[in-house]
Amino acid sequence: MSTETETDVFEEHRPVLMGVAYRMLGRVADAEDVLQEAWLRWSGADRAAVRDPRGYLVRITTRLAVDRLRQIKARGEAYTGPWLPEPLVTDLAGTAADAEERAVLADSVSLAVLVVLETLSPLERAVFVLREAFGYPYAEIAGLLGRSESAVRQLAGRARRHVEERRPRYEVDPVQRRDLTERFLAAAAGGDLKALMELLAPDVRLVGDSGGKARAPLRILHSADKVGRFLAGVARQGIPDLSVRFLEVNGGPALLALSGGRPDSLFQLDVADGRIQCVYIIRNPDKLRTLAGA
């Protein structure tokens, strides 16, 4: 197999490998590091003995991601304030064949679900991602992870119950989310507290991720009154040389606020029953760097 061919094969499967690594880690930089290590192992492997390149690459990537996740958990890294995944720009309309597939992929990569996945063990997370997001059969997952099929089924059942118990019940209708996001932008940019209150569910939450490197609430805010007043206060303070872009991030519409052309804040909403149930704000500059050219 020529060098050009081995590169072509890896690049052909890069999207699914990135999908696995990112869902496992919730961090773009870590996922890219895992893919780099997977490439090194692939380029040094005896590819003549590899009958299924995709399966081989997914196995390497999954095991590397499990190892990386174990290292992260072992370090017990402290984080200032609430933690949210690093935002990932997506294009599900261009990659998923139909609306049902888009809905499944959007849910599996959503901020809300990735936050819940952080509470799983590395093996539970690997099984959940491979089964729920990519539809791998249990027997194949067992081969990928070097576990028995019965053990994989047990891991999958535990992970699914855990996620279902903690997963927020939100709509994934992109049209409704886009409409509410546009109305949210108009109300928030104008500091219109009355308009904001009409959009917010009574028990709405606001989760701000700054990592202690930018201004954001260090605790989750609860209730329409607290969230509405906080957002109105942000509007009054303003962002210098503000511009706003709409992006698809983690499978849903999001607002990227830029200050002088540089990413300042990312806003995304979870909605249900026509009201905003949760407002996510990512302000940690380390997590916004990949959005600079988005």
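Below, all heavy atoms of this structure are taken into account, side chains as well, without hydrogens, waters or symmetry copies. Counting begins at 1 with the first residue of the sequence.
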Would you say that [X] contacts [Y] through its side chain, given a criterion of any heavy-atom pair below 4.5 Å between the two side chains?
| X | Y | value |
| --- | --- | --- |
| Asp30 | Ile72 | yes |
| Thr80 | Ser210 | no |
| Asn250 | Thr90 | no |
| Val20 | Val34 | no |
| Asp270 | Tyr280 | yes |
| Leu258 | Arg245 | yes |
| Asp33 | Leu64 | no |
| Leu256 | Pro263 | yes |

Side-chain donor-acceptor pair under 3.5 Å between Arg166 and His162, yes or no?
yes
Test item: side-chain donor near acceptor, Tyr79 and Asp209, under 3.5 Å
yes
Carefully, step by step, assess Arg23 and Phe134 under the rule side-chain contact (heavy atoms from CB on, under 4.5 Å).
CA-CA 11 Å; Arg23 286 169 174 82; Phe134 295 97; 3.8 Å; yes
Minimum-distance pair of heavy atoms, taken over all atoms of [X] and [Y]:
| X | Y | answer |
| --- | --- | --- |
| Val9 | Pro53 | CG1-CB, 3.8 Å |
| Pro122 | Leu69 | CA-CD2, 3.8 Å |
| Leu291 | Pro87 | CD1-CG, 3.9 Å |
| Ile276 | Val204 | O-CG2, 3.4 Å |
| Pro202 | Arg275 | CD-NH2, 4.5 Å |
| Ala187 | Leu199 | CB-CD1, 4.4 Å |

Check salt bridge (Lys or Arg N to Asp or Glu O under 4.0 Å) between [X] and all other residues, then give those that pass, not counting sequence neighbours.
| X | result |
| --- | --- |
| Lys213 | Asp286 |
| Arg215 | none |
| Arg183 | Asp179 |

Between Phe267 and Leu185, is a side-chain contact (heavy atoms from CB on, under 4.5 Å) present by the stated rule, with each step listed?
CA-CA 9 Å; Phe267 295 80; Leu185 172 61; over 6 Å; no
Under 4.5 Å between side-chain heavy atoms, counting indirect links through other Ile/Leu/Val/Met/Phe/Trp/Tyr residues: same cluster for [X] and [Y] or not?
| X | Y | result |
| --- | --- | --- |
| Val115 | Leu218 | no |
| Leu269 | Phe246 | yes |
| Leu40 | Met18 | yes |

Look at the aromatic rings of Phe10 and Trp39 and report parallel, tilted or perpendicular, splitting at 30° and 60°.
perpendicular
Sequence neighbours left out, cut at 3.5 Å: what donor-acceptor pairs do the side chains of residues 135-145 make with other protein atoms?
from	atom 1	to	atom 2	distance (Å)
Tyr138	OH	Arg160	NH2	3.1

Atom pair [atom1]/[atom2] of [X] and [Y] - distance to nearest 0.5 Å:
| X | Y | atom1 | atom2 | answer |
| --- | --- | --- | --- | --- |
| Glu248 | Arg177 | CD | CZ | 9.5 Å |
| Asn284 | Leu266 | CG | CG | 12.0 Å |
| Thr290 | Leu288 | OG1 | CG | 7.5 Å |
| Arg27 | Trp83 | CZ | CH2 | 5.0 Å |
| Leu114 | Arg125 | CG | CZ | 6.5 Å |
| Glu118 | Leu25 | CD | CG | 8.5 Å |

Validation: residues 220-243 side-chain donor-acceptor distances under 3.5 Å, sequence neighbours left out:
from	atom 1	to	atom 2	distance (Å)
Ser223	OG	Lys226	N	3.3
Asp225	OD1	Arg229	NE	2.9

Salt bridge between Glu164 and Arg161, side-chain N to carboxylate O under 4.0 Å?
no
Could you tell me whether Arg158 and Glu124 make a salt bridge, using a distance below 4.0 angstrom between a side-chain N and a carboxylate O?
yes
So does Glu86 get a backbone contact from the side chain of Tyr22, meaning a donor-acceptor N/O pair under 3.5 Å?
yes
Main-chain N/O of Val116 paired with Thr119 side-chain donor or acceptor, under 3.5 Å:
yes
Do Arg205 and Val279 pass the side-chain contact (heavy atoms from CB on, under 4.5 Å) test, and can you show the C-alpha distance, the side-chain angles, and the key distance before you say yes or no?
CA-CA 6 Å; Arg205 298 182 305 129; Val279 180; over 6 Å; no
Given side-chain contact (heavy atoms from CB on, under 4.5 Å), test Val16 with Leu57 step by step and report yes or no.
CA-CA 10 Å; Val16 70; Leu57 288 167; over 6 Å; no
What residue pairs, at least two apart or across chains, pass side-chain hydrogen bond (donor to acceptor under 3.5 Å, both in side chains) with a residue in residues 257-269?
Asp264-Arg283, Ser265-Arg283
For atom CG of Asp52, decide whether the heavy atoms of other residues, nucleotides or ligands shown that lie under 6.0 angstrom number more than 12.
yes
